[in-house]
Number of protein chains: 2
Amino acid sequence: MTLFETITRLRAVRYFTKRRLSDETLTRILQAGRWTGSAKNVEPWHFIVIRDKDTLNKLSKCGRYASHISGADTAIVIVNERSHFASFDIGRASQNMMLAAWGEGVGSCIASLHYESQARTLLDVPENKDIPIEISFGYPLPNQPLTIEGRPREEVLANISRRPLKDLVHWEKW
Amino acid sequence: MTLFETITRLRAVRYFTKRRLSDETLTRILQAGRWTGSAKNVEPWHFIVIRDKDTLNKLSKCGRYASHISGADTAIVIVNERSHFASFDIGRASQNMMLAAWGEGVGSCIASLHYESQARTLLDVPENKDIPIEISFGYPLPNQPLTIEGRPREEVLANISRRPLKDLVHWEKW
């Protein structure tokens, strides 16, 4: 895939094979996150890498749509500082990591950690930092199920495509 | 550049040549933004594309560190819905657009629009949407100045590298 294809064909992958990510692949994913730019270069993030099955299972209970974590090879929890642009910046870092993975054939899916205090206890995260999301990584299972958390995909994800450019691009002014 | 190199070598570019972006390149940048994933697929964004010199100059006065806009070939202002994960999602979309550009040799820089109401008036943006940032695009000027807004780069950007992985990666727990 070209860079453009990697970017435009990235899709959430929720079901994974048991194939392990190599240390080299995992390191490249982490480096992609590490090199992300941030407002005033504050790098408002830490990454907790989880590969232990028991911890993955427990983490999968920390969000309403997080069951994919239990089948992931690796989960990366983004820990962020409470700075003004942190949400924007961790969005950039997450995209970098997911693209670096996708370029090597590794699928990924973001989960909101709705039950943050539960995740905080599980992972010993300090009270002065946020852990809004986790990213699951693994090699995509072929013929993925058409349901998410037991509900049809289309019901959970209203749009399976994207709005066309003409509906979202404005020229010179709104 | 490989995908991994494109991701890890992306840097803010604030000074641009007068070379125009082709329509094809601009379209690929916009498509990269359009195809970004978002929480519950709500796609909480619109993009305002600005190429008019007078508007670029006026927009460059709408942020404290936004003077690079006046020298850009094209500015894309991200207009976002006020939804819960919008900041995170527009961070992802911004990263996609900057990477798609960088892969074609086009540099970019994010500017905060600190004087948002001024930008809102300039661009006729509805009151119920936010316009936190703009991205400047253009071909990089060789031998870029070592100052930003007249101040030495290092003073404005405390870190010119990134923290090493060992300082930000935790295994299994914090």
Side-chain angles (χ1 to χ4, degrees), chain A residues 3-4 6-12 27-28 30-32 34-37 39-43 45-52 55 79 85 87-92 94-96 99-100 103 110 112 123-126 132-133 156-160 162-165 168-174, chain B residues 3-4 6-12 27-28 30-32 34-37 39-43 45-52 55 79 85 87-92 94-96 99-100 103 110 112 123-126 132-133 156-160 162-165 168-174:
Chain A
L3 169 71
F4 181 70
T6 305
I7 290 173
T8 55
R9 294 178 185 176
L10 177 65
R11 296 291 178 282
T27 299
R28 279 191 292 272
L30 292 167
Q31 288 285 7
R34 174 192 167 221
W35 278 105
T36 310
K40 298 186 181 177
N41 269 24
V42 296
E43 308 169 57
W45 46 63
H46 285 251
F47 309 134
I48 304 180
V49 182
I50 298 154
R51 310 193 80 182
D52 178 77
T55 309
V79 181
F85 264 91
S87 294
F88 181 88
D89 287 335
I90 66 166
R92 296 181 65 189
S94 299
Q95 194 68 12
N96 266 2
L99 288 171
I110 296 173
S112 290
L123 304 174
D124 284 341
V125 175
I133 64 121
V156 179
L157 301 175
N159 311 313
I160 51 175
R162 301 285 189 275
R163 285 178 293 158
L165 276 188
L168 57 114
V169 174
H170 307 246
W171 296 90
E172 300 299 337
K173 284 197 176 204
W174 180 273
Chain B
L3 169 72
F4 181 69
T6 305
I7 290 174
T8 54
R9 293 179 186 176
L10 177 65
R11 296 292 179 281
T27 300
R28 279 191 291 273
L30 292 167
Q31 289 285 8
R34 174 191 167 222
W35 278 104
T36 310
K40 299 188 179 175
N41 269 23
V42 296
E43 307 169 59
W45 47 63
H46 285 251
F47 309 134
I48 305 180
V49 182
I50 298 154
R51 311 193 78 182
D52 177 78
T55 309
V79 181
F85 263 92
S87 294
F88 180 85
D89 288 335
I90 66 166
R92 296 181 66 188
S94 299
Q95 194 68 12
N96 267 2
L99 288 171
I110 295 172
S112 291
L123 304 175
D124 284 343
V125 176
I133 64 119
V156 180
L157 301 176
N159 311 314
I160 49 174
R162 302 283 189 275
R163 285 178 292 158
L165 278 188
L168 55 115
V169 173
H170 307 246
W171 296 91
E172 300 300 337
K173 285 198 176 202
W174 179 273

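We name chains A, B, ... by the order of the sequence lines, and we start the count at 1 in each one. Atom set for the values below is all heavy atoms of this structure, side chains included, hydrogens, waters and symmetry mates excluded.
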For chain B, which of A:Ser112, A:Ala12, A:Ala39, A:Gly103 has the most heavy-atom pairs under 4.5 Å?
A:Ser112
Go through A:Leu30, A:Val169, A:Leu165 and name the one with the most non-hydrogen pairs under 4.5 angstrom from chain B.
A:Leu165
Looking at residues at least two apart in the chain, or sitting in another chain, which of them share a side chain to side chain contact (heavy atoms under 4.5 Å, CB included) with B:Leu3?
A:Leu3, A:Thr6, B:Ile7
Pair A:Arg34, B:Arg163 - check side chain to side chain contact (heavy atoms under 4.5 Å, CB included), show working.
CA-CA 7 Å; A:Arg34 174 192 167 221; B:Arg163 285 178 292 158; 5.7 Å; no
Can you tell which of B:Ile133, B:Asp89, B:Leu10, B:Thr27 has the highest number of heavy-atom pairs within less than 4.5 Å of chain A?
B:Ile133
Under the side-chain hydrogen bond (donor to acceptor under 3.5 Å, both in side chains) test, residues paired with A:Asp124 that sit two or more places apart
none
Is B:Arg9 close to chain A through its backbone or its side chain, or both, or neither, when contacts mean heavy atoms under 4.5 Å?
neither
Just how far is it from atom CD of A:Glu172 to atom OG1 of B:Thr55, taken to the nearest 0.5 Å?
5.5 Å
